[in-house]
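Each remark here refers to the structure printed beneath this line.
This structure is a prediction, so every number in the text was calculated from the model and none was measured. A note on names: the letters A, B, ... follow the listed sequences, proteins ahead of strands, and every chain is numbered from 1.
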Amino acid sequence: MNTNRPHRRPTDRRAVAQALQRFEVIVGHEWVLTQDDDLASYRDPYSVIWGEPGEVRPLAVVAPSNVEQVQEIVRTAARHGVPLYTISTGKNLGYGGAAPNHPGCVVLDLKRMNRIIEVDDKRNFCIVEPGVSYFDLYEHLQARGLRLMLDLPSNAMGGPVGNSLDHGVGYSAAAYRDHFGNHCGMEVVLPDGELMRTGMGAVPGAKTWGEFKYGFGPYVDGLFSQGNYGVVTKMGFWLMPQPEHFLSTQVSVPAYQDIVPLVDTINYLEDSGLVAFARYGSPLEIPRVQTAPSDPEMLALMAQPGGGAPEAWEAYARKKQQPFWTVTLNFYGPKPTVEANWAYARQRLSEIAGARFRDVESIAFPLTPESLAKARSLVSLGVPNLSAFALGSRSQFNDRPSDGHIWFAPVIPRSGQALIEAHRVFQQAFAEIGFPARIGPYSGPRTWMYRAFVFVMDFNTSRSDVVQNQRVRQAFEYLLKTASDHGYAEYRAAPLYQDKVADSYAFNHHALRRFHERLKDAIDPRGILSPGRGGIWPAHLRGGQP
Amino acid sequence: MTSMTHNLMVTLLCGSLLVPSAATWAQPPTSLTDGARLYGRWCAACHDPGPGHPGTQALEALYQGRVSAVLAQREGLDVAFVTATVRSGRSVMPSFRRTELSDTELRALAQWLALRPGG
């Protein structure tokens, strides 16, 4: 790997003190935080380097309530050479939380900017500020009886702006799951404090901010996602009209290799608009919330180096009379339409020998308390919840709860062959380093990104066990290298690993990173905004090659 | 789904103020009623009774029935303990910042959990 190691150059303390004085004038004394107990809540609670010298903490926090304050804060920061690190809801858990990339930063916390500017349930869009969470937006829709459905991530404490800017994802129909791809226009404070709007928002008196994303000229919105060229203060998003009906079904197939025709067929169904969402799984994988103790034979298979061979798992599945793969297929639309699509999907998937089918749930909209009480997957219904936090938490069958997790999220091709190859590559990597495999041949891909698979895996973190965290870091870095060596790369990462992930995108001697740096030097020459985010460092913090 | 979660869902569907809008939750709390409102806003999704609430699931496993795993039914909660836990987090529960819950709001929430009728 060709890591671009940043200098950890400290920010001038006198300049920080002067900037903070000015920040207090701008936002009020109450919203400039410098006390240790306040700053502690800006540490990444899921940090894999918690309490060690490499853990990055902010110098202070400033929390504006409107865009004019943001502009003045940015101008002040530029004047004093004090870098800011911007957060929206600050709940990017598993990918860094509220903690910055660089220790010399003041966090610019936008949580107080929580206005829902506009929601239209006829033209199906919204425009919101960064502090609006998915819970807030859902409540807004419910309180006003707006017939819209939200595409939600598993952590609804986050919000549309921050989630989309980090390329977050959801679980409903294909057109809505890629949250950044689904945004429409933004308002941005540039590093010199100037206010800019993109898309149709750039037109004075704009009438179509939330409807037409390109406007005219080069499309620049992507610069503000996973990057550090501006502070996004408003964004528009396309929303799904509330469907008439939700149908969830499940297909199971018996053999490991069945994943190949299964993916091929479901790709066809999904890309033709006949299936909204496919969630791959396997009964061989221990579920997130265990309801029974695990079979010792299964645990023994998992404990094998790399997590066990496909043949051994297939034999186990046959012995237990279980299918190897399942895939949950979700449909949204008029009831006759979704039922017809399901009938056609069954017909196509029947070509796989041994395929079985079952209906999981069939729910009419608008939702009722009774239907919600029975619902298996609230996130699929657009109802925000936090049930995913069961991952790693204490339960009847887990007496060693974690203190969080980090995600390793390589992007792989959307085929069964590619999944089998990813199993081989990453299982071998786990075996080589002697780390308990976080995946096995039963691990399915995530279809969040619609046109590619994410082969995600989680690693538990601890706020008390330094040795465990060190082992996780060793494993994580080995997987990063393994992925890069095999032509994979991650779509998202915590700040601790953003430089290394950016290094994976190395075509033509890192031409992409060098382009990002040229932009950074031109747009933000003093390096005021979120230095290091996305692996992009300003010139004075750029360390060169090791 | 238990009756409490059920009630929350009914409230959400009916648009009641138990889970207030962004505009209303920013108002300074003044009473235990505000503590209840803040509980609904910040805690219920993890700590209400029933499946799908990982905070309750974790406390059930931890306490094994010795005390209630449902936060709003727990007796003997201490204001300082609640305050410290919210600000610093515990296990997979993250920390919550002053921009999310102000000190005044957190005090109202902790006092409601510690002093609510029947608590």
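- Heavy-atom distances place both the backbone and the side chain of A:Leu386 under 4.5 Å from chain B.
- Of the atoms belonging to A:Ile87, it is side-chain heavy atoms, and not backbone ones, that fall under 4.5 Å from chain B.
- Counting heavy-atom pairs closer than 4.5 Å to chain A, the top-ranked of the candidates B:Ser95, B:Ser88, B:Gly52 is B:Ser95.
- Remark: the backbone N or O of B:Ser91 is not paired with any side-chain donor or acceptor of A:Ser402 at under 3.5 angstrom.
- Remark: A:Leu93 CG to B:Met93 CE distance equals 11.5 Å, nearest 0.5 Å.
- Using a 4.0 Å cut-off between charged nitrogen and carboxylate oxygen, B:Arg87 and A:Asp37 do not count as a salt-bridge pair.
- A:Ser41 meets the side-chain hydrogen bond (donor to acceptor under 3.5 Å, both in side chains) test with no other residue; sequence neighbours excluded.
- With rounding to the nearest 0.5 Å, the separation of CD in A:Glu30 from CZ in B:Arg98 is 6.0 Å.
- A:Met113 CE to B:Thr99 OG1: the interatomic distance, rounded to the nearest 0.5 Å, is 12.5 Å.
- Take A:Phe459 and apply the ring-ring contact (aromatic ring centres under 6.0 Å, His included) test, not counting sequence neighbours, and it matches A:Phe435, A:Phe476.
- Atom CG of residue A:Asp38 and atom CG of residue B:Asp103 lie 7.0 Å apart, to the nearest 0.5 angstrom.
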(message) side-chain contact (heavy atoms from CB on, under 4.5 Å), that's the test. Do B:Gln57 and A:Phe389 meet it? Break it down for me.
(response) CA-CA 10 Å; B:Gln57 167 199 295; A:Phe389 281 77; over 6 Å; no

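- A distance of 4.5 Å separates CZ of B:Phe96 from CE of A:Met157, quoted to the nearest 0.5 Å.
- Counting heavy atoms from C-beta outward, B:Pro94 and A:Lys91 have side chains that approach closer than 4.5 Å.
- Between chain B and the options A:Thr89, A:Leu110, A:Leu33, heavy-atom pairs under 4.5 Å are most frequent for A:Thr89.
- Highest contact tally toward chain B, considering only A:Tyr42, A:Tyr46, A:Trp31, is held by A:Tyr42 [criterion: heavy-atom pairs under 4.5 Å].
- Annotation: side chain of B:Arg90 is not in contact with side chain of A:Pro401 (no heavy-atom distance under 4.5 Å).
- For a heavy-atom cut-off of 4.5 Å, chain A lies close to B:Ala61, B:Leu62 in residues 60-67 of chain B.
- Take A:Arg438 and apply the side-chain hydrogen bond (donor to acceptor under 3.5 Å, both in side chains) test, not counting sequence neighbours, and it matches A:Asp458.
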